[in-house]
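Quick notes on the structure that follows.
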Amino acid sequence: MKKNIRLISDFNLGTFYNFLSQKINRKKYKLLKPNFGLFYDKCFELIESKNRNYAIFIWSKIEGVLKNFHSLIANENVNLKTLYEEVDEYINILTQLATKTDHLIINAWSLPENERGKYLNDYTDNLGLSKNINLINTKISNQLKKEKNIIYLNIDFWIKHYNFNYNPKLWYAAKIPFSQKVFEVAADEFIKIINAFEGKNKKLIILDLDNTLWGGTLGDLGWKKINIGGHNIQGEAFRDFQFKLKSLKNLGIQLAICSKNDEKNAFDAIKKNPNMILKKKDFASWRINWDDKAKNVSEIIAELNLTNDAVIFIDDNISERERVKTSLKGVAVPDWPQDPCQYANKLQSFGSFNLHHLTYEDKNRTQFYHDEKIRKQNQKKFISYDKWLVSLKTKIYFESGNDKNKKRILQLINKTNQMNLSTRRISESELNKLIKDKSHYLLSCKVTDKFGDMGLVGVVSFKLASKRIEVIDFILSCRAFGRSIEKSMLIKIIQILKKKNIDKIIFKYLKTSKNKPCYDFLKENLEMEKNNVFVYRKNSRLVSQKFLKII
């Protein structure tokens, strides 16, 4: 069944609809054509409807929705109390709309084209347009932030950069307030937002070093003379590019290095050059050698347990870009500008780093990868793999779904592909219903060992029905593979089976192109009752792992 996406506006949104129609997956989504001029009527129609939508997108002009702001533009003596009462009514409508959709996306209001309000006094005068539009946007965002399925989107970037060739005749002829380019960019951004909801955002940026993170060739110049920072145009541009990368890393995007260089010299430069923003601890992985870059990129992706489509590769050398692009299908390899002054803008233009609901795991993922490197180095000291597992002193903590862990649970359900029983995707409102439903069990799985905290890495959900447990979700992050943690999740369900005097546990495996690891685990540990249906019976035996402590 297709998911409904509805567009609401007080102006002609037909151009945006046309661009979006060309870009959206029409097999998966049903895009409903907007009508304009009936803004509030359409809102109330959706509020009163019994049908639920996947996404509602609202793009309006402040003067078209708030009558008192229209009067403010005319420099009339507006009663601000009345204006903000009108804002409260608008917020109330948005809150009601949020109950009718999985995702409500609202474009924040911008100052109308060619309006300067009270000129020099527009921020200081109580009736200034700039002052009030900022106060109104802040009020709306503060009121709506408690509604977790609402995104209040700043679109000033689109208008500032792409509305330069707008012809005002479009407004008088067809009530179109922006150029075609604005609508085209907006459609691209909307697709990226939908992809973020579906867990398809980019997770890793793999970077070259020479003439990518700094200017010049390290092997020729040495770390003291590479161009980074300082008082020259290109040096400052490289430093700003690193700053942008660091800011993305702090939002949960991972960074890695793939460079033809000497590793020791490279890390000497990163450590010793005082103008370097990025440090060794900021990189989740690296391959600094003279091997083929496609091979190195492939190894990094495998090491971090990611898929190709989660990765961007950045290199100033067109030959290296083409090598990776042709060898590793799915890896994004953007054409890279020659001028480093364009690097930061190019990075920002990707728009593929949308992270909705930043979690503890997002913020600490690089540290998790560093801890994993230490674990693997430690493993080499043990001849026996089992003895290494015992030495880790792994603890598994299970907790019911709640307000504190639900963001991470939602992430795992919507983003995990490999160890995932059904690879179903759900909305936050659907997750909230599961948490409240007393007939369902929803458990999160957090893992720690002597090297550190791995965070919340697993999810199990199931329901009890006529002497059996039906497992709905069985999910484990790829970071936690290979340590029998998935077996501890199975044991946890078995413990509940014994307490409730249940006869069997049923796993209905739904095959996808990526979740074979889940199938292999089920086949190894359970009985196949029929095609892709696996069971654990009351009297079956499952050897528990003594090196895992379940809490």
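Predicted model, so just to flag it, every value in this text is computed and none were measured. Every heavy atom of this structure was used, including side-chain atoms; hydrogens, water molecules and symmetry mates were not.
For the residue pair R483 / T394, a side-chain donor-acceptor distance below 3.5 Å is found, with atom types taken as modelled. Side chain to side chain, N432 and E428 fail the donor-acceptor criterion of an N or O pair below 3.5 Å. Side-chain atoms of R52 and S429 include a donor-acceptor pair closer than 3.5 Å. Using modelled atom types and a 3.5 Å distance limit, the side chains of N53 and R6 yield a donor-acceptor pair.
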Does the side chain to side chain contact (heavy atoms under 4.5 Å, CB included) test come out yes or no for L248 and L347, once each step is laid out? CA-CA 10 Å; L248 287 174; L347 183 66; 3.8 Å; yes
Take D371 and Q367 through the side chain to side chain donor-acceptor pair (under 3.5 Å) test and state the conclusion after the steps. CA-CA 6 Å; D371 292 342; Q367 185 59 50; 3.0 Å; yes
Please lay out, stage by stage, how K514 and D309 fare under the test salt bridge (charged side-chain N to carboxylate O under 4.0 Å, His left out). CA-CA 12 Å; K514 297 179 180 179; D309 56 8; 3.5 Å; yes
Test ring-ring contact (aromatic ring centres under 6.0 Å, His included) on F283 and Y369 and set out the steps. CA-CA 9 Å; F283 297 99; Y369 287 129; over 10 Å; no
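With ring centers used as reference points, F178 lies 6.0 Å or more from Y162. Aromatic rings of F183 and W158 (six-membered ring for Trp) have centroids beyond the 6.0 Å cut-off, not under it.
Annotation: side-chain contact (heavy atoms from CB on, under 4.5 Å) contacts of K446 (sequence neighbours excluded): Y397, D453. E430 meets the side-chain hydrogen bond (donor to acceptor under 3.5 Å, both in side chains) test with S427; sequence neighbours excluded. Taking the side-chain hydrogen bond (donor to acceptor under 3.5 Å, both in side chains) definition, one finds that K516 meets it with D520, sequence neighbours left out. Remark: F507 engages F474 in a ring-ring contact (aromatic ring centres under 6.0 Å, His included) (not counting sequence neighbours). Partners of F157 according to the ring-ring contact (aromatic ring centres under 6.0 Å, His included) rule, which considers only residues two or more places apart in sequence or in another chain, are H161. The ring-ring contact (aromatic ring centres under 6.0 Å, His included) test applied to Y385 returns W388, not counting sequence neighbours. Contacts of K249 classified as side-chain contact (heavy atoms from CB on, under 4.5 Å), with partners at least two apart in sequence or in another chain: L255, D282, T366. Listed by chain and number, the residues in a ring-ring contact (aromatic ring centres under 6.0 Å, His included) with Y509 are Y519 (sequence neighbours excluded).
Using a 4.0 Å cut-off between a side-chain N of Lys or Arg and a carboxylate O of Asp or Glu, K295 and D291 qualify as a salt bridge. Salt bridge status for K373 with E303: present, with a side-chain N to carboxylate O gap under 4.0 Å. Between D268 and K264 a salt bridge is recorded (basic side-chain N to carboxylate O distance below 4.0 Å). A salt bridge does not link R479 to E372: none of the charged nitrogens lies less than 4.0 Å from a carboxylate oxygen.
Of the listed residues (I8, L20, N107, I106), just one forms a side-chain contact (heavy atoms from CB on, under 4.5 Å) with F57, and that residue is N107.
Rounding to the nearest 0.5 Å places CE of M276 at 5.5 Å from CD of Q242. Distance CD1/I58 to CG/L7: 10.5 Å, rounded to 0.5 Å. In this structure, CD1 on I194 lies 6.5 Å from NE2 on H103, to the nearest 0.5 angstrom. Between the OG atom of S477 and the CE atom of M419 there is a distance of 11.0 Å, given to the nearest 0.5 Å. Going from atom NZ of K415 over to atom CG of L410 covers 9.5 Å, rounded to the nearest 0.5 Å. For the atom pair CD1 (I150) and CG (L153), the distance works out to 13.0 Å, reported to the nearest 0.5 Å.
In this structure, I396 and I485 have side chains that are in contact, with non-hydrogen atoms separated by less than 4.5 Å. For the pair L13/F11, a side-chain contact is recorded, criterion being any heavy-atom separation below 4.5 Å from C-beta on. Between R408 and S444 there is no side-chain heavy-atom pair separated by less than 4.5 Å. Side-chain contact between I105 and I56: absent, with no pair of heavy atoms (C-beta onward) separated by less than 4.5 Å. Considering only heavy atoms from C-beta on, N532 stays 4.5 Å or farther from L510 through its side chain. The shortest distance between side-chain heavy atoms of E184 and F16 does not fall below 4.5 Å. You'll find the side chain of I253 stays beyond 4.5 Å of the side chain of K202, heavy atoms only.
Residues I314 and I205 approach most closely at CD1-CG2, 3.7 Å, considering heavy atoms. In plain terms, the two heavy atoms of I62 and S110 that are nearest each other are CG2-O, 4.3 Å. Across all their heavy atoms, A284 and Q254 have their closest contact at CB-OE1, 3.8 Å. Contact record, L104 with A98: CD2-N, 4.0 Å, taken as the closest heavy-atom pair. Residues C341 and I233 approach most closely at SG-CG2, 3.4 Å, considering heavy atoms. The two residues N515 and N417 have their closest heavy-atom pair at CB-O, 3.1 Å.
For the salt bridge (charged side-chain N to carboxylate O under 4.0 Å, His left out) condition, the pairs that include at least one residue of residues 206-228, sequence neighbours left out, are D208-K293. For the ring-ring contact (aromatic ring centres under 6.0 Å, His included) condition, the pairs that include at least one residue of residues 231-282, sequence neighbours left out, are F238-Y343, F241-W336, F241-Y343, F267-W286. For residues 203-227, no pair satisfies ring-ring contact (aromatic ring centres under 6.0 Å, His included), with sequence neighbours left out.
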Could you tabulate the donor-acceptor pairs under 3.5 Å formed by side-chain atoms of residues 320-332, not counting sequence neighbours?
unit_1 : atom_1 : unit_2 : atom_2 : d
E320   : OE2    : K260   : NZ     : 3.1
R321   : NH1    : D315   : O      : 2.9
R321   : NH1    : D316   : O      : 3.2
R323   : NE     : D292   : OD1    : 2.9
R323   : NE     : D292   : OD2    : 3.4
R323   : NH1    : S327   : OG     : 2.8
R323   : NH2    : D292   : OD2    : 2.9
T326   : OG1    : E322   : O      : 2.8
T326   : OG1    : R323   : O      : 3.2
S327   : OG     : R323   : O      : 2.7

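Judged by distance alone, the side chain of N261 and the main-chain N or O of E263 form no donor-acceptor pair under 3.5 Å.
Residue K404 places its NZ atom among 12 or fewer non-hydrogen atoms of other residues, nucleotides or ligands, all under 6.0 Å distant. Within 6.0 Å of the CD1 atom in I318, the count of heavy atoms belonging to other residues, nucleotides or ligands does not exceed 12. Counted within 6.0 Å of NZ on K244, heavy atoms from surrounding residues, nucleotides or ligands total 12 or fewer; the atom is thus considered open.
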